[in-house]
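Let me begin by presenting the structure, written as structure tokens, before commenting on it.
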Protein chains: 2
Amino acid sequence: MNSKPRYQQVKDYVLAQLESGALQAKDRVPSENELVEKMNVSRMTANRALRELNDEGLLVRIAGVGTFVADFKATSHVLEVHNIADEIKRRGHEHAALVLQLSRQHARGEIARALQLGQGEDVFHILVVHRENDIPIQLEDRYVRAMFAPDCLEQDFAVITPSAYLSNISPLQEAEHSVQAAMPNAAVTRHLRMKAGEPCLLVMRRTWSRGLPVSFARLHHPGSRYELTGRFAPANSGNNEYTQFSELGRREQ
Amino acid sequence: MNSKPRYQQVKDYVLAQLESGALQAKDRVPSENELVEKMNVSRMTANRALRELNDEGLLVRIAGVGTFVADFKATSHVLEVHNIADEIKRRGHEHAALVLQLSRQHARGEIARALQLGQGEDVFHILVVHRENDIPIQLEDRYVRAMFAPDCLEQDFAVITPSAYLSNISPLQEAEHSVQAAMPNAAVTRHLRMKAGEPCLLVMRRTWSRGLPVSFARLHHPGSRYELTGRFAPANSGNNEYTQFSELGRREQ
DNA sequence: GAGTGGTCTAGACCACTTT
DNA sequence: AAGTGGTCTAGACCACTCT
């Protein structure tokens with residue numbers, strides 16, 4: 001029954017004191033050697049427990065000084081931006097994609113800047129509507145550096161997501177996101193079947209591969225049907241370490 | 001010069017193969033014992049390297065089988081929701097808060113549900129406008145379980161952020177967020193000095209302490225002036241492990 | 001049975017800050 | 001000098017999977 005690893009037991013012991021309030025922010029946490037004695041573990045095991053709690057942001061460790069309760073557990077929480085097709089499937093719903101446009105263009109203005117292209121370098125322009133159970137849920141307006149994806153025009157993006165296609169070509173290594181509220185133009189309104197006056201949740205994403213920005217996407221979502229959600233909870237007694245899940249969710253009601 | 005810890009050298013060795021493309025998604029990564037021989041380290045050191053890369057989501061380990069390159073490195077990226085006052089100060093700007101309302105109320109409808117209160121249990125209602133260099137940037141509409149914060153009415157929320165006040169009372173342990181685009185009502189429009197027809201980026205946040213939801217907040221931000229941004233980048237050669245930063249940013253231009 | 005990851009130990013050396 | 005965290009090792013036992 002006490003099958004939990006020893007380092008996890010040490011973590012639980014410390015976590016319990018955090019949660020009970022016995023240890024407050026900036027308080028000193030038992031040192032590795034103190035835990036070695038109290039919990040009858042080796043120092044490597046105590047070290048792993050405290051190091052992981054440090055990595056998780058709950059503790060702050062200072063070599064030569066000690067280990068302390070971190071200050072701002074509550075201030076910085078996490079949202080994740082997922083692949084839309086995976087999200088839909090994870091909800092057990094049907095994903096369908098409709099390709100509205102797939103062409104090669106010269107990069108101009110914002111696109112050229114976002115992808116760090118010289119004016120006139122080529123990009124592929126992909127415009128796809130993603131549907132969940134036939135309800136439009138995302139308009140993907142994506143530009144891809146042409147040099148990076150020479151066979152882009154031959155893809156069927158109704159079958160393979162542009163995002164999946166890109167990460168197949170080469171591992172993507174960096175991403176940058178921004179989320180904002182914006183009013184859609186007429187075309188976006190139409191493609192997402194939105195009511196007039198309804199705002200969009202607009203996610204902009206840039207991805208890098210080997211130091212070069214290779215893709216820039218504007219992901220429009222109808223404000224009435226979508227939200228980005230996240231939950232953040234240290235696992236008290238039972239589970240592993242942290243439960244962090246979130247989803248690009250279709251609003252239920 | 002080669003002062004980097006051995007486990008980090010092992011991580012770098014594996015990372016280099018991920019980044020060069022020598023190892024693709026689902027490929028098998030050298031086992032701990034293979035790394036022990038190739039890198040001249042002990043197995044504990046090889047184990048730490050692979051375990052950390054696993055924790056970071058880059059590798060998948062299966063006991064009895066092997067270690068493999070993770071599948072969807074690019075699909076799930078992170079945004080963080082920060083404390084507004086800290087964010088403003090971090091940008092070197094001036095934060096000011098104007099308290100519009102501070103009162104005790106009976107919980108009804110959505111508020112009672114969100115805080116899991118019986119109809120009629122009391123909440124404190126806090127309404128504050130946060131300004132960055134005198135420009136309204138967030139309307140905080142917050143409800144706090146009355147039992148949790150008996151001295152709430154005596155606080156000066158122009159000086160201490162409600163969020164900071166709450167985490168002073170007791171460590172907050174769980175948080176739930178949703179981000180959506182919505183049209184503001186007339187009062188929100190006025191308090192944030194928004195143009196007619198401009199949408200809001202609306203962050204809703206619930207926080208828990210010791211298993212009870214203690215606070216529910218609607219954070220309205222003018223769509224034209226705010227966005228939530230995030231960046232995600234594994235540190236290739238030089239740095240620690242991961243660089244994950246993000247901010248609730250005032251849009252620059 | 002050979003190989004894998006998962007864990008644990010007892011001891012070690014180091015650089016650092018505190019007293 | 002004593003205490004702290006940071007790292008590393010050589011060996012060990014286990015449960016598991018694959019062949």
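Per chain, numbering begins at 1; letters A, B, ... match sequence-line order.
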Under the side chain to side chain contact (heavy atoms under 4.5 Å, CB included) rule, what do B:Tyr7 and B:Met44 come out as? Steps first, then yes or no, please. CA-CA 9 Å; B:Tyr7 74 87; B:Met44 274 299 279; over 6 Å; no

Does A:Asn47 form a side chain to side chain donor-acceptor pair (under 3.5 Å) with A:Arg51? I'd like the steps, not just the answer. CA-CA 6 Å; A:Asn47 174 274; A:Arg51 174 160 44 81; 3.3 Å; yes

Verdict with supporting geometry, B:Gln8 and B:Asp12, side chain to side chain donor-acceptor pair (under 3.5 Å): CA-CA 6 Å; B:Gln8 186 61 51; B:Asp12 289 346; 3.0 Å; yes

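Rounded to whole Å, the distance from CG on A:Asn33 to P on D:dT7 is 16 Å. Protein atom CG of B:Leu59 is 11 Å distant from nucleotide atom P of C:dG5, rounded to whole Å. Whole-Å rounding puts the A:Glu52 CD to C:dC8 C1' distance at 14 Å. For B:Arg51 and C:dT4, the CZ to P distance is 18 Å, given to the nearest whole Å. When the P atom of D:dT7 is taken as reference, atom NZ of B:Lys11 falls 10 Å away, rounded to whole Å. Rounded to a whole Å, the CG atom of A:Asn54 is 11 Å from the P atom of D:dG5.
Remark: side-chain polar atoms of B:His221 are paired, donor with acceptor, to backbone N or O of B:Leu201 under 3.5 angstrom. The closest donor-acceptor contact from the side chain of A:Glu94 to the backbone of A:Asp134 lies at 3.5 Å or more, if one exists at all. Judged purely by atom type and a 3.5 angstrom limit, B:Arg61 has no side-chain atom pairing as donor or acceptor with the backbone of B:Leu53.
OP1 or OP2 of C:dT4 sits under 4.0 Å from a side-chain N or O of B:Arg28. B:Arg61 has a side-chain polar atom (N or O) that falls below the 4.0 Å cut-off from OP1 or OP2 of C:dG6. In this structure, A:Tyr7 does not reach the C:dC8 phosphate: none of its side-chain N or O atoms is under 4.0 Å from OP1 or OP2. For A:Arg6, no side-chain nitrogen or oxygen approaches OP1 or OP2 of C:dG6 to under 4.0 Å. Close to C:dG5, at under 4.0 Å from its OP1 or OP2, lies no side-chain N or O of B:Asn47.
For A:Thr67, the side-chain atoms get nearest to D:dG5 when compared with the rest of D:dC8, C:dG6, D:dG5.
The closest side-chain heavy-atom distance from B:Arg48 to A:Arg48 is not below 4.5 Å. Two residues are said to be in side-chain contact when any heavy atoms from C-beta on lie closer than 4.5 Å; B:Asp156 and B:Ile160 fail this criterion. A:Phe157 places none of its side-chain heavy atoms less than 4.5 Å from the side chain of A:Glu140.
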When you compare the protein's N or O atoms with those of nucleotides 14-18 of chain D, which come within less than 3.5 Å of each other, and at what distance?
| from | atom 1 | to | atom 2 | distance (Å) |
| --- | --- | --- | --- | --- |
| D:dT17 | O4' | B:Gly64 | O | 3.4 |

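The local environment of CD in B:Glu34 is crowded, with over 12 non-hydrogen atoms from other residues, nucleotides or ligands closer than 6.0 Å.
Atom CZ of A:Phe216 and atom CZ of A:Arg145 lie 13.5 Å apart (nearest 0.5 Å).
For A:Leu115 against A:Val214, the heavy-atom pair with the smallest separation is CD2-C, 3.8 Å.
In DNA chain C, consecutive stretches of 3 or more Watson-Crick or G-U wobble pairs with both distances under 3.5 Å are given as paired ranges: C:1-16 with D:3-18.
Within residues 36-46 of chain A, the residues approached by DNA chain D to less than 4.0 Å at the level of any non-hydrogen atom are A:Arg43, A:Met44, in residue-number order.
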